[in-house]
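Every number for a ligand or one of its atoms is a count from 1 in the order of the listing.
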Amino acid sequence: MRFQHLAGLAAFASTSLAETIPFDHILWGTAGPAGNHLQVRATSTTPATSTSTRVADAACTNGPLTRNCWSNGYSVATDFDAKWPTTGKTVSYSLEITNGTCNPDGHGSKPCQLFNGQYPAPVITANWGDTLSITVKNSLTGNGTGIHWHGIRQLGTCPQDGVPGITECPLAPGDTKTYTWKATQFGTTWYHSHYSSQYGEGAFGAIVINGPASANYDVDLGPMVLNDYYYQTSYQLEAIAHQNLQSGKPPPPADNIMVNGTGRSASGSGSYGKVTLTKGKKYRLRLINTSVDNNIRVSLDNHPFQIITADLVPIKPINANWVLLAIGQRYDVIFTANQTVGNYWFRAEVATDCASSNNFYGRSIFSYSGAPSGDPSSSAATQPSGCTDMSPLVPWVRNTVDSTAFVNQVGNLEIDLTVEQTTTNGQNIVFWGVNLTAINVDWNMPTLQYVKEGNTSYPSILNLIEIPNEGTWSYWIIQETAGTKVPIPHPIHLHGHDFYVLGTGSGTFDKSSSPSTLQYDNPIRRDTAILPGNGWLAIGFPTDNPGAWLMHCHIAWHVADGLAVQFLESKSTAPPVDASWETTCSNYQKYSKTAYWQKTDSGL
Ligand SMILES: *[C@@H]1O[C@H](CO)[C@@H](O)[C@H](O)[C@H]1NC(C)=O
Ligand SMILES: *[C@@H]1O[C@H](CO)[C@@H](O)[C@H](O)[C@H]1NC(C)=O
Ligand SMILES: *[C@@H]1O[C@H](CO)[C@@H](O)[C@H](O)[C@H]1NC(C)=O
Ligand SMILES: *[C@@H]1O[C@H](CO)[C@@H](O)[C@H](O)[C@H]1NC(C)=O
Ligand SMILES: *[C@@H]1O[C@H](CO)[C@@H](O)[C@H](O)[C@H]1NC(C)=O
Ligand SMILES: *[C@@H]1O[C@H](CO)[C@@H](O)[C@H](O)[C@H]1NC(C)=O
Ligand SMILES: *[C@@H]1O[C@H](CO)[C@@H](O)[C@H](O)[C@H]1NC(C)=O
Ligand SMILES: [Cu+2]
């Protein structure tokens, strides 16, 4: 029966163009749940529109017409929070961060801190179920470093999360650390330094985990990294952004937007990146916003996008001409090269409605093979407005959040500017606070060290919130304080979990009326969501991953200024640190005693 169905599909596909198959009518799915290592999970059921009995289909292999398949009973319909393949394969990479220069738009060479000398850093590629082993060497002389694998769940591997002051001590100059983690999810994400605003110096790159998808395509074009680019260093900019905040001014605008690490400048220097298309093919493009301060809207002239994932979560495909990416967010999109042979602009523009600004826009060129050379003359689709996440985003695998516990268990986190008495010249300094405290981690005494020593005297400046129990739901309202002087959107990112976005709204969340407006039945789950300016964001996640997990605004200047909390989840069962972890710490402690540069911000 299944095979007949497959054969029918293959026959139906008479051209090379990967049709969008109505997967709901196909008989594949997951083998039964195997994930009893987790104490609690969202209730998972088959996709809402499925009409089939879901059974594993070992014969189903991934190809242009069967992108929903993967292997051995795993498919896009697998609930990856419950089970994932074990390939037994370890994929290794070496990354060396050095103090160099970069000049991606030809405007002029400036200091950069790069992995393997590349801007952006090399793409890390693996398959769903592989183990990654990434050796990072710090060849800077004047900075530590620490690499975070954004969006990677780190199930049971908290010490590999790469957050200085929380999950590790930074790597001292000359030091090396091997990060080891398993790809329990698939899709598109990125890695970056989490050592103050170091990633703004160019220390970031894409991660691609190959796996199934919720729609078909012929060709995977790979990651398309989009980021704001400044002619000053991020250390200079962070200081300016901080000063501006005190006098109520916005941070400096970006000078340019880079599209996959290249682009032209306002003065015409540099060159556009180019992607070549074959007419009739369907393409997958993996959009990643690795900015420090700017939300970006992207579009390809005349080629509407079909969005198939949000962060690392496959969704029911939706169509959009423009895709808005907040910092840290990813969308994988499919488009069809079905237009007249020619050249088309790929546009990456700053979303001014998200309080983002820049001096110049990002462009690259998509060219059909056989097109004459030269810049495109195509024109853009009308841009939408409103700084909200794309919608409707409906996860492919339908999960349900426990609604009964919400009202009793929900916690409140208020985001606002806060004036703190700090040691810096005894001055009052404006910071971003969560409940009026701006986080300030200690690089020499990360949270996992407290856990190891059984020391529970956490300084309040660590913004540490304990979640003692596994197997429960943790719900949070992230609220911009009413009347805040700076009512701007913040991209909120959580480590160690995908959170379910139960709702967002403007004004103040009302504990009596707002809960009834929340969505518990298959809300989008992801790792980064926009907290609207002057509004609230309600999230929930199951506690199934012991460790210390940062939740922060992904605007580099805001997290540097303290906009973060950390959840210490089930410390008694947190994975222990090992001897090499402790060596990293003793090396950094030794270095920091005589370091030329001192820590001047939250450290994140
Ligand atoms: C990078 O090199 C510059 C110029 O030599 C130096 O001033 C700076 O301290 C170095 N930075 C780091 C992090 O090594
Ligand atoms: C990192 O190095 C840069 C110079 O490259 C310097 O401006 C900054 O203060 C250093 N930060 C730390 C914490 O070492
Ligand atoms: C972006 O650059 C990476 C690294 O060179 C490459 O693998 C990828 O295919 C590029 N993306 C596109 C859309 O061309
Ligand atoms: C990236 O995110 C930032 C901040 O959320 C946003 O201002 C910017 O427009 C985004 N860029 C892209 C290309 O989506
Ligand atoms: C091209 O493909 C898009 C879907 O990607 C479709 O909406 C559009 O109608 C197609 N145009 C032509 C000319 O076939
Ligand atoms: C943060 O402050 C709000 C408002 O005062 C309060 O309701 C909430 O409990 C506080 N959250 C935490 C985690 O202390
Ligand atoms: C526990 O941590 C606090 C804050 O860092 C520190 O002052 C104290 O000495 C530590 N206690 C022990 C027993 O090490
Ligand atoms: Cu922010």
Close N or O approach (Asn412, ligand 6; < 3.5 Å): yes
How many angstroms lie between atom NE2 of His490 and atom CD1 of Ile478, to the nearest 0.5 angstrom? 11.0 Å
Within the structure, is a non-hydrogen atom of Tyr450 found at a distance of less than 4.0 Å from ligand 7? yes
Across all chains, not counting sequence neighbours, the side-chain contact (heavy atoms from CB on, under 4.5 Å) partners of Asp510 are Ser512, Ser513, Ser514
Please check if any side-chain donor atom of Tyr119 sits under 3.5 Å from a side-chain acceptor atom of Asn227, or the reverse. yes
Is there any N or O on Asn435 that sits under 3.5 Å from an N or O of ligand 6? yes
Tell me if a side-chain donor or acceptor on Glu569 pairs with a main-chain N or O of Asp544 at a distance below 3.5 Å. yes
Show me the short polar-atom pairs for ligand 3: any N or O of it lying under 3.5 Å from a protein N or O, with distances only.
{"residue": "ligand 3", "atom": "2 (O)", "partner": "Asn260", "partner atom": "ND2", "Å": "2.4"}
{"residue": "ligand 3", "atom": "9 (O)", "partner": "Leu221", "partner atom": "O", "Å": "2.9"}
{"residue": "ligand 3", "atom": "11 (N)", "partner": "Pro223", "partner atom": "O", "Å": "2.8"}
{"residue": "ligand 3", "atom": "11 (N)", "partner": "Asn260", "partner atom": "ND2", "Å": "2.8"}

Return yes if some donor-acceptor pair links the side-chain N/O of Tyr368 with the main-chain N/O of Gln339 below 3.5 Å, else return no. yes
Is the shortest side-chain N to carboxylate O distance from Lys599 to Asp442 below 4.0 Å? no
Do you see a donor-acceptor pair shorter than 3.5 Å between the side chains of Ser378 and Asp301? yes
Proximal atoms of ligand 7 relative to Ser457 (non-hydrogen, under 4.0 Å): 2 (O), 3 (C), 4 (C)
Any donor-acceptor pair under 3.5 Å linking the side-chain atoms of Thr188 with those of Asp332? yes
